[in-house]
Structures are given as C-alpha cells and as structure tokens.
Amino acid sequence: MSRKDNTPAISFFSFQDIITSITGIMFLVVLILVLMILRSPADPLRQREMNVSGQIRELEKNLLELRRAVAALNSRTEEQRRRLEELKKLKLESLPGLKSSLIAKLDAADAEIRSRQEETKQFRTLLRQEKDAAKKQQSLLAADRSASAAAESEIRDLVKRIAEEQLLRKKLEKVLQFVWDRRNPRNPILLVCGEMEITANMLRGPKEQVVFTDSGKCLDWCKSQDRDDVYFILLIKPSAFTYAEKFSLELLKAGFQRGREVLPDDKTVIFGELSK
C-alpha cells in the first residue's frame, strides 16, 4: 500500500508577478516611443503631410468662396435674363408712350417734392414765429411775476403796517390824553398815583421821571420843591383811593397848588401833550 506524499509543491506566483511587471513596463515604454515619434516635427514625411493638409484646407476655403461667387453671379444672370425677357415682350411702338408716362410720373414727383419743400418752408416760418411769440410770452410772464412779487411785497408791508396800527390802536385805547395850560408860569409836575407806586413826571424842562414806592417819601420829595415855582397834578387810579385824599390834603397844607383827576381804571396810561 502506497503512502501519501506530503512534500510541498513548487509555487510560481513570484515569477509570474515579475514577468507581468516587466511586460507592463515594456508596453509603457513602447507607447511613449510611439507618441514621441508621432509628435516629432523633425520627421520630413510627417511635416510634409501637415503642410499638404494646410494647403488642402486653404484650397477648400477658396473653393467655397468661388462657389459662393458663382452662385451670386448666377442669381444676377437670372435677374438679367428675366429683365431681357420683359424687354423682349415690349413693342417698339409702345416705347414713346412708356417714355411719356415715365416723364409724366417724374414731373409729378418733382412737383410733389417742390410742394413738400414749400410746405416745409412755411412750417419753418410758422415755427420761427411761434418761437418768437413764446419768447415774448415768457418775457411778459417774467414781468408779470416780477410785478406780482412787488405787489405781494407791498401787500405784506401793508398787512404789517395795518397790524402795527391795530396794535398801536389797542395800546391807545388805554391811553388818556392830558393837556395843560402853557400860559401858567409854574412848572407842572404830574403825579400818577397807583396802588404800589407813585410816578412823578416833569412836564417842563428836562423830562425827569421819579418813581416812589412809598407815599411818605413821595410827599417829602414834593415838599422839597419850590412852592412858588411848581404845582402838582394828581392823577388818581382807583387802587390809590386809600391814600390819595390824605396825600392831596398834605400838599395843600404845605402851601402847594394842586389839582386832582380820577382815572377810569388802573390800566390807563397817561400821555402828556402841550397845548397853546
């Protein structure tokens, strides 16, 4: 009975790998060489083929242009043939009439052109006149605007003046006109007696005004004046009734001439005016 052989078999995998790699490298080198040969400009045959191909393309381009020119000439020739056929159909007897008809059409066209030119000339004249009229209207409009602006300015001035006069009238409604006799040799002193103060106004000489917040001090000042040179006019507001009568009596006792006048209200303002 035979025994089983357990010795390992010989493996060729490594050799096959080496052979495959070398074969691939050789194919790669061959392809590179082929490409170098095909792209090399130094090859006379390849260079000649490239030159011939360029000339062929140029000739084809010229041929295409010639074909186009021939087609254009053929179309023009066909048009001329058609016109010749139409001219052949014409009779010599009809040529003078045709000529007269064409001349009449040309004359009509010339007349129409002259008419259009005349209309254009008239239109330009009217346009120029309209422009001149528009300029005049613009100048008149500018003058009217200037006059309107001046009138508006005058109106504003008048409105302002009226407002000022109305304000002055309102002020004058509370003003009392005071008149004294100039022929009196003594100097008048106007004493406006209010609730909180007494105002002394010199009506002759320097326009001096003295304000007193105490009736006693005002009385002392009045007594310091020359009784032979001045006289007092007491204008008494309603709020000064509490002391005005006593104040007047004290002036009378001191030997001064004095007059008295009652004002309608505390808001009344005194206006002094010289009379003849």
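Given the structure is predicted, the values throughout are model-derived calculations rather than measurements. Only heavy atoms go into these numbers, but all of them, side chains included; no hydrogens, no water, no symmetry mates.
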Checklist entry - Are the side chain of Ser146 and the backbone of Ala142 linked by a donor-acceptor contact shorter than 3.5 Å? => result no
Checklist entry - Could you give the distance from CD1 (Ile155) to CD1 (Ile162), rounded to the nearest 0.5 Å? => result 10.5 Å
Checklist entry - Between CZ of Arg114 and CZ of Arg116, what distance do you get to the nearest 0.5 Å? => result 13.5 Å
Item to check | Non-hydrogen side-chain atoms of Phe232 and Cys222 separated by less than 4.5 Å | outcome: yes
Checklist entry - Do the side chain of Arg260 and the main chain of Leu235 share a donor and acceptor less than 3.5 angstrom apart? => result no
Checklist entry - Under 4.5 Å between any side-chain heavy atoms of Lys121 and Arg124, yes or no? => result no
Checklist entry - So Ile32 and Phe27, side-chain contact (heavy atoms from CB on, under 4.5 Å) or not? Walk me through it. => result CA-CA 9 Å; Ile32 291 171; Phe27 274 112; over 6 Å; no
Item to check | Check: Arg156 and Lys160 side chains under 4.5 Å, non-hydrogen atoms | outcome: no
Checklist entry - Does a side-chain heavy-atom distance below 4.5 Å link Ile236 with Phe247? => result no
Item to check | Point-to-point distance, once rounded to the nearest 0.5 Å, from CG of Asp132 to CD of Glu130 | outcome: 9.5 Å
Checklist entry - Which one of Lys217, Lys223, Gln225 satisfies the side-chain contact (heavy atoms from CB on, under 4.5 Å) criterion with Trp221? => result Gln225
Item to check | Transitive ILVMFWY side-chain link Leu219 to Phe241, under 4.5 Å | outcome: yes
Checklist outcome for this item: Between the CD atom in Glu65 and the CZ atom in Arg68, the distance rounded to the nearest 0.5 Å is 7.0 Å
Checklist outcome for this item: Nearest heavy-atom approach of Ile198 to Tyr243 is CG1-OH, 3.5 Å
Checklist entry - So how far is it from Leu64 CG to Leu66 CG, rounded to the nearest 0.5 Å? => result 9.0 Å
Checklist entry - So do the side chains of Asp220 and Phe212 get within less than 4.5 Å of each other, counting heavy atoms only? => result no
Checklist entry - If we only count heavy atoms from C-beta on, is the Ile233 to Leu191 side-chain gap below 4.5 Å? => result no
Checklist entry - Which pair of heavy atoms, one from Gly194 and one from Ser239, lies closest together, and at what distance? => result C-OG, 3.9 Å
Checklist entry - How far apart are the C-alpha atoms of Glu60 and Arg57, what are their side-chain angles, what is the distance that settles it, and do they pass the salt bridge (Lys or Arg N to Asp or Glu O under 4.0 Å) test? => result CA-CA 5 Å; Glu60 288 177 352; Arg57 285 193 296 272; over 6 Å; no
Checklist entry - Under 3.5 Å, side chain of Ser148 to main-chain N/O of Asp144, donor-acceptor pair present? => result no
Next on the checklist: Can you tell me how far apart CG (Leu126) and NZ (Lys131) are? Round to the nearest 0.5 Å.
Outcome noted: 12.5 Å
Item to check | Ala254 backbone acceptor or donor facing Arg227 side chain under 3.5 Å | outcome: yes
Checklist entry - Is there side-chain contact between Cys218 and Asp214, with heavy atoms separated by less than 4.5 Å? => result no
Checklist entry - Any donor-acceptor pair under 3.5 Å linking the side chain of Ser248 with the backbone of Glu245? => result no
Checklist entry - Is there a side-chain contact between Leu251 and Leu234 (heavy atoms, below 4.5 Å)? => result yes
Next on the checklist: Would you say Val230 ends up clustered with Leu249 if hydrophobic residues are merged whenever their side chains have heavy atoms under 4.5 Å apart, either directly or through other cluster members?
Outcome noted: no
